[in-house]
Structures are given as structure tokens and as C-alpha cells.
Amino acid sequence: MKGVSILFENSEILLVNKEAGVSVQGGAGVAHPLDEELSKELGYKIHLVHRLDKDTAGILIVAKNPAAATKWTGLIGSKEVSKEYTAICIGKPGDEGPGQEGTLEGTVEAHGRTQEAISRYRVERTGLVPCPQAEGSPCPPAAEDGIPLRLLSIRIETGRMHQIRIQTAGAGFPIAGDDQHGDFKKNKILRKAGIKKLMLAATRLTIPLDGGLRTFGIPLPAHMQTALDSFFSDGQR
């Protein structure tokens, strides 16, 4: 893993931009996890405050010492912190368009427990992946006339494992590139069109700092921006 991008640092925490494909924490079969590599890079042990899936890119908080980790772990689960994600989802013809908003509520399995989960989303843009097919051959049944895509902004009010991936799939618009919870057949077609990674990133984080609230944001990771440029009429978010 190359050097970790640091977005912000104070006496308690660092905000880092985790790349897709990088595991946050070590374990059996995990090479170069972020917590170990960043500790080596900085010269002291960092402590995880929360986690992102290996295949999810985006903003992550890590603490510089155990006391700060305890403090910020409490904050991250409170209403003082706002976590916003950007996702490219597989849609259906006739799905709601830009400006439409919705709430995903229900339970998800997390850490062996069934827990309540709430996510709120807004549709930002719509796109379409044409069927990758040989000239004169029929369009694959799973793709219909093409695969509709939707760019969503998602704010989570609870932090459950795989929450967004499970809830969007359950609502009928799974994250593109998610073979664990999503639509494997359509993902197979999307891979032929160049969408080969999970289309989900933690792109905005608002945290309490210096007596107020401060928001940090990052551009979309390259694999998501490429998908926008290729399959949406306006590639700019």
C-alpha cells in the first residue's frame, strides 16, 4: 500500500482518505492493512475510531492515543457526527429521477446481532450502461435494453456493518459492483463495460471541532468518476 493521504490532523485525530481495496484492520490473510501501515508511516500506533469496508473508499477517522479513540468512538455514533456517502446504484426503468429523496429503514445483521438501521438518500443523476454485445446478438436478459444507473447521495443515521449495501439491495437498487449483497448477473455485464469495483465512497464527514462543526469532503475516487464520465450525461457531480 502506498502512502496514506491525510486530510486533517490535530492533537487527537487524523482524517485519512482510504483507497478502495485496502483493509482497515489486519487479520488472517490480510496484507498491508491501513492501521499497521499508517502506524509505520507515522512512527506511532494509531487507533481505529470506526471502519469502512475493504472495497469502500473514503474518509476515515483514526485516533492518536487510546483516550482520543474512546472519545471519538463515542462521538462517531452520536448525532454530532454526520457521515455522507456517494453511491452508483443499479436501477430499473422508470425509477425515480434527480431530486427525489427517500428513507431506508429496517434491520440489518451486524456483528451477530439484528440492529435497526436508517439511511436517507437523494437521487443526484441518472445514467445508462448500454448492453455490451456483439453486433446482431440479443441483449442479455439481465440487462433489458441496458442497465440504468443512479448516482445517490446517502446520509446514514446509524453505523451498521454493510448498512448501505444491504439496504439499497433490499430496496431494489443495489450498489453497482457489489457481488456480496447486490445483483451478480448485472454486475457481470457491468464488468464488461468497465465497472469492476464497488461504486461506494464515504465522501463527506461533518465533525465537532473547536466549538463548532466542520465538514470535510473529497472528490470521487477515480473508478467512480470514470463511471460518471462514461455512463452519465453529465459527468460532474
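Values reported hereafter were calculated over all heavy atoms of this structure, with side chains retained and with hydrogens, waters and symmetry mates removed.
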Looking at [X] and [Y], what are the two nearest heavy atoms and their distance?
{"X": "P221", "Y": "A201", "value": "CD-CB, 3.8 Å"}
{"X": "P66", "Y": "H47", "value": "CD-NE2, 3.6 Å"}
{"X": "P174", "Y": "G182", "value": "CB-CA, 3.6 Å"}
{"X": "C89", "Y": "L152", "value": "SG-CD2, 4.1 Å"}
{"X": "I175", "Y": "A87", "value": "CD1-CB, 3.5 Å"}
{"X": "S119", "Y": "I156", "value": "OG-CG2, 3.8 Å"}

L48 and V24: CA distance, side-chain angles, deciding distance, side chain to side chain contact (heavy atoms under 4.5 Å, CB included) verdict: CA-CA 8 Å; L48 296 174; V24 170; 3.4 Å; yes
Set of salt bridge (charged side-chain N to carboxylate O under 4.0 Å, His left out) partners for [X], sequence neighbours left out:
{"X": "E116", "result": "none"}
{"X": "K40", "result": "E37"}
{"X": "E9", "result": "K64"}
{"X": "K71", "result": "E12"}

Under a 3.5 Å distance rule, please check whether [X] uses its side chain to pair with a backbone N or O of [Y] as donor and acceptor.
{"X": "D55", "Y": "L198", "value": "no"}
{"X": "K186", "Y": "L190", "value": "no"}
{"X": "K18", "Y": "T56", "value": "yes"}
{"X": "E41", "Y": "V4", "value": "yes"}

Stepwise side chain to side chain contact (heavy atoms under 4.5 Å, CB included) check, L60 with L205: CA-CA 9 Å; L60 186 76; L205 181 71; over 6 Å; no
To the nearest 0.5 Å, tell me how far [X] [atom1] sits from [Y] [atom2].
{"X": "H32", "Y": "S23", "atom1": "NE2", "atom2": "OG", "answer": "11.0 Å"}
{"X": "T226", "Y": "M224", "atom1": "OG1", "atom2": "CE", "answer": "11.0 Å"}
{"X": "K54", "Y": "L34", "atom1": "NZ", "atom2": "CG", "answer": "13.0 Å"}
{"X": "L151", "Y": "E124", "atom1": "CG", "atom2": "CD", "answer": "6.0 Å"}
{"X": "I88", "Y": "L200", "atom1": "CD1", "atom2": "CG", "answer": "10.0 Å"}

With side chains defined as the heavy atoms from C-beta onward, is the minimum distance between [X] and [Y] less than 4.5 Å?
{"X": "T126", "Y": "L149", "value": "no"}
{"X": "K83", "Y": "R155", "value": "no"}
{"X": "L220", "Y": "T86", "value": "yes"}
{"X": "V16", "Y": "L38", "value": "yes"}

Report whether [X] and [Y] are members of the same hydrophobic cluster (ILVMFWY, side-chain heavy atoms less than 4.5 Å apart, transitive linking).
{"X": "V81", "Y": "L7", "result": "yes"}
{"X": "I147", "Y": "L128", "result": "no"}
{"X": "L209", "Y": "L15", "result": "yes"}
{"X": "I207", "Y": "I218", "result": "yes"}

State which residues pass side chain to side chain contact (heavy atoms under 4.5 Å, CB included) with [X]; sequence neighbours excluded, sorted by chain then number.
{"X": "E105", "result": "T103, I118"}
{"X": "S39", "result": "K45, I46"}
{"X": "A202", "result": "L52, Y85"}
{"X": "A117", "result": "V108, T158, R160, Q163, Q167"}

Donor-acceptor pair between T114 and T107 side chains, under 3.5 angstrom: no
Side-chain donor-acceptor pair present, T206, T215, cut-off under 3.5 Å: yes
Residue pairs involving residues 162-179 (criterion salt bridge (charged side-chain N to carboxylate O under 4.0 Å, His left out); sequence neighbours excluded): D53-R165, R165-D178, D179-R191
Residue pairs fulfilling salt bridge (charged side-chain N to carboxylate O under 4.0 Å, His left out) with at least one residue in residues 216-227, sequence neighbours excluded: none
Short N-O contact, R122 and E101, less than 4.0 angstrom: yes
Under the side-chain hydrogen bond (donor to acceptor under 3.5 Å, both in side chains) test, residues paired with Q25 that sit two or more places apart: R51
Working for side chain to side chain contact (heavy atoms under 4.5 Å, CB included), residues L42 and I6: CA-CA 11 Å; L42 295 172; I6 297 175; 4.2 Å; yes
Verdict with reasoning, I189 to V129, per side chain to side chain contact (heavy atoms under 4.5 Å, CB included): CA-CA 9 Å; I189 296 168; V129 177; 5.7 Å; no
Sequence neighbours excluded, every pair satisfying ring pair (Phe, Tyr, Trp, His ring centres under 6.0 Å) that has a member inside residues 170-226: F8-F216, Y121-F173, H162-H181
